[in-house]
Amino acid sequence: MLDRLPDAVSVYEVSPRDGLQNEAAPIPLPDKKRLIAALIAAGLKRIELTSFVSPRWVPQLADAEELVREVQAPAGVSFSALVPNAKGLERARQVGLPEIAVFMSASETHNKKNTNKSIEQSFETFREVVPPALEAGMRVRAYVSTVWGCPYEGDVPVARSIEITRTLLELGCYQVSLGDTIGVGTPLETKKLVSAFLAEFSPPNLALHFHDTRGTALANALVGLELGIRDFDASVAGLGGCPYAPGAAGNLATEDLVYMLQGMGVTTGVDLDALIEAGKVAETVVGRRLPGKVHQAGKRVLRGA
Ligand code: HMG
Ligand code: MG
């Protein structure tokens, strides 16, 4: 263990979407823009801004068009947003977004609760989304949720998650993010699961999306890193979860991930001090303390320093 660490890792920041979609009170647009500006200032290069989903399902992100129109991506920064169907794609195209992410679950019940579709219906829908998006010059990422377990169905067969991932890659998605949506995974299980995926797909086609609901997100990320995964999703200060997955609170905090990686000599391009500041901005935006550890404790201070 720890003898195959890479030089660099790519962090995909989800807080403006996966974080804010869960908030009970509406977050004003200027506060969303403040959070995104702080994330950019910290050096994050891939940021998921919002969702073009039904505003009736996720009213917190109903301002998606306005938000995307009002934030500019500096050179080298790529913005993305969730898109559930052709209508969402059209909305994303209208505002000139260069990248979208489609999403589905590996379990039927969670997929139904989250998108009102069976897994088969999700694929039918994505056939109307992914090829036209690619033709329009967009990049398409995908999420598969509940890979480590479903809040309604319990264990999810890994073979099913692998077949779903295969279909998404064949459709033209450049990367599939595998989600431990309810944060139940433990390291040995992660090793078995991620190894099974890596027997079928190459590392750049896979990302890992952990939730720290039970305190195992970093341990699982470390296992993925050791196995060869180089793409990790995270959310500043641990903001958020999934509104249709009970117990999904607490995405892996970006600063906890970056702190661990930096301490092991793995580059992320992120400035940890500025990221800690972004975590504080996230706390002021939602008006409460957030669970990430490093933004609370600060960086390591050397004795005598
Ligand atoms: P539905 O109700 O079955 O949709 O919802 P529909 O196609 O029957 O349409 C119903 C109404 O919604 C219609 O309006 C449509 O026009 C409208 P009406 O005619 O009644 O006035 N509509 C839309 N409006 C705006 N934008 C759209 C859109 N589509 C339809 N794109 C639907 C189906 C998929 C739309 C709905 O279920 C939905 O929006 N779900 C999204 C839920 C969501 O965002 N969940 C959280 C994200 S997933 C997640 O958090 C997990 C992840 O983070 C990974 C992890 O953490 O593990 C990715
Ligand atoms: Mg999440």
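As the structure is a prediction and not an experimental result, all values here were calculated from the model. Read the numbers this way: they start at 1 and go in the same order the structure lists the ligands and their atoms.
- Only the side chain of Asn85 comes within 4.0 Å of ligand 1, counting heavy atoms alone; its backbone N, CA, C and O stay farther away.
- Not a single N or O atom of Gly179, backbone or side chain, sits closer than 3.5 Å to an N or O atom of ligand 1.
- Heavy atoms of Pro55 found under 4.0 angstrom from ligand 1 belong exclusively to the side chain.
- The side-chain tip of Arg17 does not point at the ring of Phe103 from less than 6.0 angstrom away and within 45° of straight on.
- Closest N/O/S atom of Asp18 to the Mg ion (ligand 2): OD2.
- When the heavy atoms of Gln60, Lys87, Gln121, Arg91 are ranked by distance to atom 22 (N) of ligand 1, first place goes to Lys87.
- Electrostatic pairing of Asp233 and Arg141 counts as a salt bridge here, judged by a charged N lying under 4.0 Å from a carboxylate O.
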Check: residues 257-271 side-chain donor-acceptor pairs under 3.5 Å, at least two apart:
| unit_1 | atom_1 | unit_2 | atom_2 | d |
| --- | --- | --- | --- | --- |
| Gln262 | NE2 | Val270 | O | 3.1 |
| Thr267 | OG1 | Asp7 | O | 3.3 |
| Thr268 | OG1 | Val270 | N | 3.2 |
| Asp271 | OD1 | Asp273 | N | 2.9 |
| Asp271 | OD1 | Ala274 | N | 3.1 |

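- Proximity of Ser54 to ligand 1, defined as any heavy-atom pair under 4.0 Å, is shared by backbone and side chain alike.
- Not one N or O of Tyr143 is nearer than 3.5 Å to an N or O of ligand 1, by distance alone.
- Of the N or O atoms in Arg56, one or more lie within a sub-3.5 Å distance of an N or O in ligand 1.
- Distances between N or O atoms of Asp180 and those of ligand 1 include no value under 3.5 Å.
- Under 4.0 angstrom from ligand 1, the non-hydrogen atoms of Asp18 all belong to its side chain.
- With a 4.0 Å heavy-atom cut-off, ligand 1 is reached by the backbone of Asn114 and by its side chain too.
- Remark: the backbone N or O of Glu108 is paired with a side-chain donor or acceptor of Glu153 at under 3.5 angstrom.
- When non-hydrogen atoms are compared, ligand 1 lies under 4.0 Å from neither the backbone nor the side chain of Val14.
- Between the side chain of Ser15 and the backbone N or O of Gly19 there is no donor-acceptor pair closer than 3.5 Å.
- Both Leu67 and Val77 sit in one connected hydrophobic cluster of ILVMFWY residues. Membership requires side-chain heavy atoms under 4.5 Å apart, directly or through other members.
- For ligand 1, the polar-atom distance check finds no N/O of Lys117 at less than 3.5 Å from any of the ligand's N/O atoms.
- For Glu128, there are no salt bridge (charged side-chain N to carboxylate O under 4.0 Å, His left out) partners at least two apart in sequence or on another chain.
- Taking only nitrogen or oxygen atoms, main chain and side chain alike, Arg17 reaches within less than 3.5 Å of ligand 1.
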